[in-house]
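The residues of the chain are indexed from 1 along the displayed sequence. Owing to the predicted nature of the structure, the values given are computational and were not obtained by experimental measurement.
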Amino acid sequence: MASFLEFEKPIAELQARIDELRDAAAGGEVDIEAEIGKLQAKSDKFLRDAYARLTPWQKTLVARHPERPHFKHYVARLIDDYMPLAGDRAFADDAAIQGGLGRLRGRRVMVIGHEKGDDTATRIKHNFGMGKPEGYRKAIRLVELADRFGIPVVTLVDTSGAFPGMEAEERGQAEAIARSTEACLDLGVPLVASILGEGGSGGAVALAAGNRVLMMEHAVYSVISPEGCASILWRTADKAPDAAEAMKVTAQHLKELGVIDTIVPEPLGGAHRDRDAAIDRLGDAIEAALGELAGESAQALRQSRRAKFLAMGRT
């Protein structure tokens, strides 16, 4: 059963009515297709209108939708001959950050990203996509491996932020994030980063310091969550919608600010309504970005990456 967000309530009511009519007519001789067609057209119009004027807070809710495709869905559809690589060779394997070798439409790549999970059990297993130090150290290991063998890196970012627990701090969370960011910036091969849903804080930047940064149309990317920002500024999370507006968290805002390079359009109603189409569109964008970067020298890639990030925030 589809999950509807609060602002989608009129659409949910229409879909419920359509389902009721279909159930009532099942096995009967009453032709209700005309009525269903009218209701469906009305539902489609509500959907188009709602998604044409999403606020930053509403985009945040869409980015967090539980049915939105995650790392494993992108890998399953886009990456052939995927070989997962585990462990940081120092402490443990972190299930929140995954990675491995494969082929994206014939091109060898190292793919790394956050996995949130689909249900309660898998979300707990993957720690809701919040990486621990060993996860970022695994990412460093895979990035350096790709650099050694001249393999382009593709990162799929989807996290509310790095895990803030005491054990993560004890194992050097800040240092691991900083070194992961450094490893991305120092790469001598192309790095294409994609923001799939949430891009939260240093936990996202640690995998997103790429030559090209792509972002799904309804994804969000910020230094802190809107709720966290509201709690600091207004001492209440109720102001999260105001914080989201002020923080410029959307792909459209970030494209204007030069933080990202490309907005990848999503199917009507968000990536969760047509996973395959959303994944294919991102695959096209990644393929195009890798094609643009192919043939550039290691020095040129490092210099352009450095210039890109140093230019951010300048007026």
Side-chain angles (χ1 to χ4, degrees), residues 1-28 30-74 77 116-124 128-129 158-160 195-200 215-222 225-227 230 236-245 249-252 263-282:
M1 187 174 182
S3 298
F4 291 92
L5 300 170
E6 182 62 29
F7 69 87
E8 297 176 319
K9 189 175 181 181
I11 303 166
E13 292 172 351
L14 284 168
Q15 287 299 320
R17 178 60 179 153
I18 290 170
D19 292 341
E20 287 174 6
L21 287 173
R22 283 180 174 150
D23 290 341
V30 180
D31 184 6
I32 59 169
E33 288 306 314
E35 181 63 23
I36 288 177
K38 290 178 183 177
L39 290 173
Q40 190 62 58
K42 191 174 182 180
S43 175
D44 292 343
K45 184 178 185 302
F46 267 122
L47 192 64
R48 283 194 301 272
D49 292 346
Y51 276 77
R53 58 173 190 270
L54 290 180
T55 66
W57 175 244
Q58 288 171 337
K59 280 185 177 284
T60 302
L61 298 178
V62 174
R64 295 171 177 172
H65 197 286
E67 295 168 13
R68 197 171 176 86
H70 301 307
F71 177 85
K72 69 177 183 180
H73 303 116
Y74 284 89
R77 188 164 179 84
K116 284 185 169 182
D118 292 320
D119 52 31
T120 301
T122 55
R123 285 170 190 149
I124 291 172
F128 300 86
D158 190 11
T159 181
S160 58
I195 313 299
L196 306 182
E198 285 186 279
M215 190 167 173
M216 298 301 287
E217 180 183 2
H218 301 310
V220 293
Y221 191 21
S222 61
S225 69
E227 296 95 328
T236 173
D238 294 339
K239 289 282 190 178
D242 296 325
E245 182 71 44
V249 299
T250 70
Q252 294 73 23
I263 299 174
V264 180
E266 297 186 23
L268 178 62
H272 58 283
R273 281 192 164 83
D274 191 342
R275 285 182 174 181
D276 289 350
I279 293 170
D280 288 344
R281 290 178 186 181
L282 182 64

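At least one donor-acceptor pair under 3.5 Å links the side chain of Arg68 to the backbone N or O of Leu196. Judged by distance alone, with hydrogens and angles left aside, the side-chain atoms of Tyr221 form no donor-acceptor pair with the main-chain N or O of Gly199 at under 3.5 Å.
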- request: Apply the test side-chain contact (heavy atoms from CB on, under 4.5 Å) to residues Leu54 and Leu61: give CA-CA distance (whole Å), side-chain angles for both, the deciding distance (0.1 Å), then the verdict.
  value: CA-CA 10 Å; Leu54 290 180; Leu61 298 178; over 6 Å; no
task: Show the numbers, then the answer: is there a side-chain hydrogen bond (donor to acceptor under 3.5 Å, both in side chains) between Ser3 and Glu67?
output: CA-CA 8 Å; Ser3 298; Glu67 295 168 13; 3.1 Å; yes
task: Begin from the C-alpha positions of Leu268 and Arg48 and carry the test side-chain contact (heavy atoms from CB on, under 4.5 Å) through to its verdict.
output: CA-CA 7 Å; Leu268 178 62; Arg48 283 194 301 272; 3.4 Å; yes
field: From CA spacing to verdict: side-chain contact (heavy atoms from CB on, under 4.5 Å), Arg53, Gln58
entry: CA-CA 9 Å; Arg53 58 173 190 270; Gln58 288 171 337; over 6 Å; no
query: Under the side-chain hydrogen bond (donor to acceptor under 3.5 Å, both in side chains) criterion, do His218 and Lys59 qualify, and how do the steps go?
result: CA-CA 5 Å; His218 301 310; Lys59 280 185 177 284; 2.8 Å; yes
- request: Report the C-alpha separation of Glu217 and Thr250 in whole Å, then their side-chain angles, then the decisive distance to 0.1 Å, and conclude whether the side-chain contact (heavy atoms from CB on, under 4.5 Å) test is met.
  value: CA-CA 8 Å; Glu217 180 183 2; Thr250 70; over 6 Å; no
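Closest approach of Pro267 and Asp274 over heavy atoms only: CG-O, 3.6 Å. The two residues Ile279 and Pro69 make their nearest non-hydrogen contact at CD1-CB, 4.2 Å. Contact record, Ala278 with Ala271: CB-CB, 3.6 Å, taken as the closest heavy-atom pair. Closest approach of Glu266 and Ala219 over heavy atoms only: OE2-N, 4.0 Å. Taking both residues in full, the closest heavy atoms of Ala237 and Ala230 are given as CA-CB, 4.2 Å, listed atom of the first, atom of the second, then distance. Across all non-hydrogen atoms, the minimal contact from Ile263 to Pro265 is O-CD, 3.5 Å.
Look at Lys42 and Glu13 and you find no salt bridge, because none of the NZ, NE, NH1 or NH2 atoms lies under 4.0 Å from a carboxylate O. Look at Asp49 and Lys45 and you find a salt bridge, because one of the NZ, NE, NH1 or NH2 atoms lies within 4.0 Å of a carboxylate O, short of that distance. Salt bridge annotation for Arg273-Glu8: present, with a cationic side-chain nitrogen under 4.0 angstrom from a carboxylate oxygen.
Taking Asp242 as the reference, nothing meets the side chain to side chain donor-acceptor pair (under 3.5 Å) condition, with sequence neighbours excluded. Residues forming a salt bridge (Lys or Arg N to Asp or Glu O under 4.0 Å) with Asp19 (at least two apart in sequence, or on another chain): none. Among residues two or more places apart in sequence or in another chain, the salt bridge (Lys or Arg N to Asp or Glu O under 4.0 Å) test is passed with Arg281 by none. Taking the side-chain contact (heavy atoms from CB on, under 4.5 Å) definition, one finds that Gln15 meets it with Phe4, Ile11, Ile18, Gln40, Ser43, sequence neighbours left out. Asp280 pairs by the salt bridge (Lys or Arg N to Asp or Glu O under 4.0 Å) definition with Arg77, not counting sequence neighbours. Glu227 is linked by a salt bridge (Lys or Arg N to Asp or Glu O under 4.0 Å) to Arg64, counting only residues two or more places apart in sequence or in another chain.
Note on ring orientation: taking the six-membered ring where Trp is involved, the planes of His65 and His272 are parallel (angle under 30°, cut-offs 30° and 60°).
Under the 4.5 Å side-chain criterion, counting only non-hydrogen atoms from C-beta, Phe128 is not in contact with Lys116. Looking at heavy atoms from C-beta onward, Glu198 lies out of side-chain contact with Thr159 at the 4.5 angstrom threshold.
With Thr122 as the partner, the side chain to side chain contact (heavy atoms under 4.5 Å, CB included) test is satisfied by one option alone out of Thr120, Asp118, Ile124: Asp118.
In this structure, CH2 on Trp57 lies 9.0 Å from OG1 on Thr55, to the nearest 0.5 angstrom. One finds the CD atom of Glu20 at 11.0 Å from the CD1 atom of Ile36 (value rounded to the nearest 0.5 Å). The OH atom of Tyr51 lies 14.5 Å from the CZ atom of Phe46; values are rounded to the nearest 0.5 Å.
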